[in-house]
Amino acid sequence: MFIDTHCHLIYPGLIEQLDEVVVRAEDADVKRLVLVTAREEDYRQTMEVISKYQYIYGVLGVHPDHVDEPIDIDLLRELAMDPKVVGIGETGLDYYEEKNVSSDMRKLQQKMFREHISVARDLSLPIVVHTRDAAQDTQDILIDELNCGEFSGVMHCYTGSYELAKALLDRGFYFSASGILTFKNSDRVREVFSKIPLSNIVIETDAPYCTPVPYRGKINEPAYVVETAKMLAEVHGVSIEILEEQLMKNTKNLFPKMEIL
């Protein structure tokens, strides 16, 4: 059994055919899905989906691109107490878009990142971290917050350096491989993942984004996470069966609220 630890199932292209998406995932032996939000307005629909489908779980939070929208941290805290909500996020820092470059926007992202971490720590939930063009600030905030009180987390769709990974590996963080691992020009990403212990890796699609080879050009969906698993097994020189067992163990450790047989 494989687990897609990060997908945006309520996005256009997936939500309209969600029943079929779930069936295709099951047919590919992808039996657990984690639906991650990007905006507060996603919460209601996400809660509806995870209540309808037994093996779809939720991670609630606000992506750094949207921290300038109204955010109710108390609502996040309340909803995250639901048994089907297994983490907080995705949150973090993204300095890539032009609107995110200003000093005020960066400060707002950093403030909301810390507020999400506080909720995760208080509820003993893992934090799901997005970082783009912000490696040093991401590391500084995570290490500072970890020094204030332990919490667990995952660097989602990780394409960063091994140096950043090493700093967080020492604190028990996980690193999620996406379809980017399969891209022809992703030698550096594969090299970084070859150095990260298998005990600290999970996999994801980030659907509908980051569609892996050989499905490039199509909308990504959970069934395709198997292609990332195949590449990861090759990178680490292990059988797909050994990898599958390790990934299930890792995912259970990362998301203890998730039901994994």
Side-chain angles (χ1 to χ4, degrees), residues 3-19 21-22 25 32-94 97 99-100 105 108-132 145 151-157 176 202 204-210 219-222 251 254-259:
I3 301 166
D4 183 355
T5 65
H6 191 116
C7 51
H8 301 282
L9 297 175
I10 64 172
Y11 280 21
L14 295 176
I15 187 61
E16 303 90 344
Q17 52 169 333
L18 190 52
D19 286 345
V21 167
V22 170
R32 303 288 187 275
L33 313 178
V34 181
L35 194 173
V36 181
T37 68
R39 313 172 81 153
E40 187 171 297
E41 66 183 41
D42 296 340
Y43 293 176
R44 179 191 59 79
Q45 193 172 15
T46 295
M47 298 303 293
E48 291 174 355
V49 169
I50 65 175
S51 67
K52 177 181 177 181
Y53 295 89
Q54 182 177 2
Y55 295 123
I56 299 181
Y57 296 84
V59 167
L60 303 183
V62 177
H63 187 287
D65 280 350
H66 301 295
V67 296
D68 54 344
E69 301 171 5
I71 300 173
D72 185 343
I73 288 293
D74 289 335
L75 175 62
L76 172 60
R77 187 183 301 272
E78 176 186 348
L79 293 176
M81 294 180 185
D82 188 282
K84 292 292 294 294
V85 175
V86 297
I88 300 296
E90 63 187 277
T91 180
L93 306 176
D94 192 320
E97 296 289 344
K99 73 168 188 172
N100 295 337
M105 187 61 172
L108 183 56
Q109 286 189 9
Q110 292 166 16
K111 176 178 180 291
M112 293 310 304
F113 188 15
R114 289 183 185 272
E115 291 197 19
H116 280 70
I117 291 171
S118 177
V119 173
R121 183 191 289 118
D122 290 348
L123 298 182
S124 298
L125 291 174
I127 194 83
V128 176
V129 180
H130 169 103
T131 183
R132 188 177 189 187
E145 290 289 338
F151 56 92
S152 61
V154 58
M155 306 298 289
H156 115 84
C157 197
S176 185
V202 295
E204 65 170 274
T205 56
D206 201 19
Y209 311 112
C210 303
I219 293 175
N220 201 4
E221 60 178 87
T251 305
L254 174 62
F255 296 122
K257 288 173 69 175
M258 184 183 292
E259 180 184 343

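All of these numbers come straight from a predicted model, not from anything done at the bench.
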State, yes or no, whether a side-chain contact exists between [X] and [Y] at a heavy-atom distance under 4.5 Å.
{"X": "Tyr209", "Y": "Asn220", "answer": "no"}
{"X": "Tyr53", "Y": "Leu35", "answer": "no"}
{"X": "Met105", "Y": "Val67", "answer": "yes"}
{"X": "Ile50", "Y": "Val85", "answer": "yes"}
{"X": "Val34", "Y": "Met258", "answer": "yes"}
{"X": "Val59", "Y": "Glu90", "answer": "no"}
{"X": "Asp65", "Y": "Arg39", "answer": "no"}
{"X": "Ile3", "Y": "Tyr55", "answer": "no"}

If every non-hydrogen atom of [X] is compared with every non-hydrogen atom of [Y], which pair is closest and at what distance?
{"X": "Leu9", "Y": "Pro222", "result": "CD2-CG, 3.8 Å"}
{"X": "Leu254", "Y": "Pro256", "result": "O-CD, 3.1 Å"}
{"X": "Leu14", "Y": "Ala207", "result": "CD1-CB, 3.9 Å"}

Output all residues satisfying side chain to side chain donor-acceptor pair (under 3.5 Å) with [X], sequence neighbours left out; order by chain, then residue number.
{"X": "Ser152", "result": "none"}
{"X": "Thr131", "result": "Thr138"}
{"X": "Thr5", "result": "none"}
{"X": "Glu204", "result": "His156, Ser176"}

For this session: Just say parallel, tilted or perpendicular for the rings of Tyr11 and His8, cut-offs at 30° and 60°.
Result: parallel
When you measure from the side chain of [X] to the backbone of [Y], do you find a donor-acceptor pair of N or O atoms at a distance under 3.5 Å?
{"X": "Lys257", "Y": "Asp82", "result": "yes"}
{"X": "Glu69", "Y": "Glu40", "result": "no"}
{"X": "Asp94", "Y": "Pro64", "result": "no"}
{"X": "Glu16", "Y": "Pro12", "result": "no"}
{"X": "Lys84", "Y": "Met47", "result": "no"}
{"X": "Tyr57", "Y": "Glu259", "result": "yes"}

Checking [X] now: which residues fulfil side chain to side chain contact (heavy atoms under 4.5 Å, CB included) with it, not counting sequence neighbours?
{"X": "Lys52", "answer": "Asp19"}
{"X": "Leu123", "answer": "Arg77, Ala80, Met81, Val119, Leu125"}
{"X": "Asp74", "answer": "Asp72"}

Problem set entry | ring-ring contact (aromatic ring centres under 6.0 Å, His included) partners of residues 62-94, not counting sequence neighbours, each pair once | His63-His130
For this session: Go through the structure and list residues passing ring-ring contact (aromatic ring centres under 6.0 Å, His included) with His116, not counting sequence neighbours.
Result: none
For this session: Could you give me the CA-CA distance, side-chain angles and deciding distance for Gln110 and Leu93, then say whether side-chain contact (heavy atoms from CB on, under 4.5 Å) is met?
Result: CA-CA 7 Å; Gln110 292 166 16; Leu93 306 176; 3.8 Å; yes
What residues form a salt bridge (Lys or Arg N to Asp or Glu O under 4.0 Å) with [X], not counting sequence neighbours?
{"X": "Arg44", "value": "Glu48"}
{"X": "Asp68", "value": "Lys99"}
{"X": "Glu115", "value": "Lys111"}

